[in-house]
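One structure below.
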Protein chains: 2
Amino acid sequence: MDRFLSNTVSRIDAKGRVSVPAHFRAVVQKRGYSELYALRCLDLPAMDVGGLDLLDRYEQRIAQEDPFLQTADDMSFFCHGDGAFLKLDQDGRITMTDFIREHTGISAEVAFVGRGNFFQIWEPGRLATYGAQARARLLQLRQGTKAHEAKAHEAKAGERSE
Amino acid sequence: MDRFLSNTVSRIDAKGRVSVPAHFRAVVQKRGYSELYALRCLDLPAMDVGGLDLLDRYEQRIAQEDPFLQTADDMSFFCHGDGAFLKLDQDGRITMTDFIREHTGISAEVAFVGRGNFFQIWEPGRLATYGAQARARLLQLRQGTKAHEAKAHEAKAGERSE
DNA sequence: TGGGATATCATGGGGCACTATGGGCGTCAA
DNA sequence: TTGACGCCCATAGTGCCCCATGATATCCCA
């Protein structure tokens, strides 16, 4: 399968390196990504990592903003900002740069989270917090607890009922 | 028959492997699943396990959302981040990874529960508790009203033992 | 109808290959 | 020189392939 799935935590070694999970590396190869790009998530303390198509996704996102406003430019600067190119060494490890650490809060351990077409890098603690929140939101959606919002999503949400 | 039916408990061996019940394996084959997709249930300490169509359904559902809104992100976070592929070894066994154990509480034994188009994996004790509660709810439903809530409470109280 | 032969299953374990992880060393630039 | 970085190797741990065993179930034939 060629999708990034599941999540793992690995330790950063004394030199600041982390092994990218073997399964993820396999996906990278299967998808033919010759290079990995890491971009700062706009609204989360995480990095999005993927191939060149990841850049397209961000450009679409930014294109949603009014080009006459400062916002679009800020967004672009923020997430493209520094060199966000990740190089896999020959043992399949990447180096956790300050660019990554600053944005994610990563220090000793890294959580890799599959997201289908790309994956994310998190500080494990923050990931747990965010994950719990995301689950709570989904549960709410499913149970249609919030009368107003639920209405809007009702038709769609009936999906997962078995 | 090509539905997952009934339930079984099997032991995990010293290497962390469990045999998937032969009957389930037959269904897997009949349905042409080449890989198994496992997903952490949103509100239960269980894993849903099925073919790739299970994942496809989620992805199609996500595609209906605005990809840059939080709902889409939450959904992807759930079905990709909390999902994994299970590999059947050639003896029809799967390995109980920490990924599964953490969510389900599984340690020494696994309960396989048929659910029609997919099946579930539980820690046997928790399954028993949950089953009792489900039966209590059904009973309450059949008896028709909230007038019998007292009864339901009684049932729950008797069977909750965590 | 009973009893053995056969197939299938659950379970255990050996062993190889690969993965994660640590560390040595040279190179290049500040 | 020092520290960041790339390249290389060593080692323990894990996953996965393959085979062996005993228990059950199924079938066939006397």
Side-chain angles (χ1 to χ4, degrees), chain A residues 1 4-30 34-38 49 82-102 106-114 119 121-124, chain B residues 1-2 4-30 33-38 47 49 83-102 106-114 119 121-124:
Chain A
M1 176 46 57
F4 294 102
L5 275 189
S6 164
N7 63 79
T8 354
V9 174
S10 1
R11 291 165 19 87
I12 299 180
D13 71 14
K15 289 179 167 182
R17 303 171 298 182
V18 208
S19 290
V20 174
H23 180 248
F24 282 13
R25 286 187 337 242
V27 176
V28 164
Q29 205 170 22
K30 225 170 255 168
S34 50
E35 300 177 331
L36 282 181
Y37 294 91
V49 185
D82 255 310
F85 167 67
L86 290 189
K87 197 173 175 188
L88 280 171
D89 73 14
Q90 47 187 37
D91 293 326
R93 287 183 282 199
I94 55 179
T95 305
M96 289 293 113
T97 61
D98 287 343
F99 178 72
I100 297 178
R101 293 177 191 263
E102 274 172 24
I106 286 172
S107 63
E109 292 192 318
V110 182
F112 292 87
V113 183
F119 64 90
I121 288 177
W122 286 77
E123 190 283 317
Chain B
M1 174 55 71
D2 62 347
F4 295 102
L5 283 182
S6 94
N7 59 75
T8 339
V9 174
S10 2
R11 247 201 332 280
I12 299 180
D13 71 15
K15 288 182 168 182
R17 303 170 299 182
V18 209
S19 290
V20 173
H23 178 246
F24 283 12
R25 277 174 2 227
V27 177
V28 164
Q29 205 170 21
K30 215 169 266 173
Y33 295 154
S34 52
E35 288 182 276
L36 286 181
Y37 169 69
M47 309 285 302
V49 185
F85 286 120
L86 294 188
K87 206 162 140 196
L88 279 171
D89 73 14
Q90 47 187 39
D91 294 326
R93 288 181 282 198
I94 54 179
T95 310
M96 290 293 114
T97 59
D98 287 342
F99 180 77
I100 297 177
R101 294 176 191 262
E102 272 172 25
I106 286 172
S107 63
E109 291 192 319
V110 182
F112 291 87
V113 182
F119 63 90
I121 288 177
W122 286 76
E123 191 283 317

request  = Considering non-hydrogen atoms only, spot the tightest contact between Ile94(A) and Phe112(A) and give its length.
outcome  = CD1-CE2, 4.5 Å
ask   = Between Lys15(B) and Asp13(B), does at least one N-O distance fall below 4.0 Å, as a salt bridge requires?
value = no
message = Surrounding CD of Gln29(B) (heavy atoms of other residues, nucleotides or ligands, distance under 6.0 Å), is the total greater than 12?
response = no
DNA chain C: 5'-most and 3'-most nucleotides touching chain A, 4.0 angstrom heavy-atom criterion = dT19(C) to dC25(C)
query = Using a cut-off of 4.0 Å on non-hydrogen atoms, how would the nucleic acid contact of Val18(A) be classed: base, sugar-phosphate, or nothing?
reply = nothing
Under 3.5 Å donor-acceptor, Asp98(B) side chain and Arg101(B) backbone = no
Under 4.0 Å protein heavy-atom contacts per nucleotide of nucleotides 9-26 of chain D, with B for base, S for backbone only and - for none = B------BBBB-------
request  = List the steps and the verdict of side-chain hydrogen bond (donor to acceptor under 3.5 Å, both in side chains) for Tyr37(A) and Glu35(A).
outcome  = CA-CA 7 Å; Tyr37(A) 294 91; Glu35(A) 300 177 331; 2.9 Å; yes
Least distance between heavy atoms, Phe119(B) atom then Leu36(B) atom = CZ-CD1, 4.5 Å
inquiry  = How close do Thr95(A) and Ile100(A) get, counting heavy atoms only, and between which atoms?
reply    = O-CD1, 4.2 Å
query = Is a side-chain donor or acceptor of Arg25(A) paired with a backbone partner of Val20(A) at a separation under 3.5 angstrom?
reply = yes
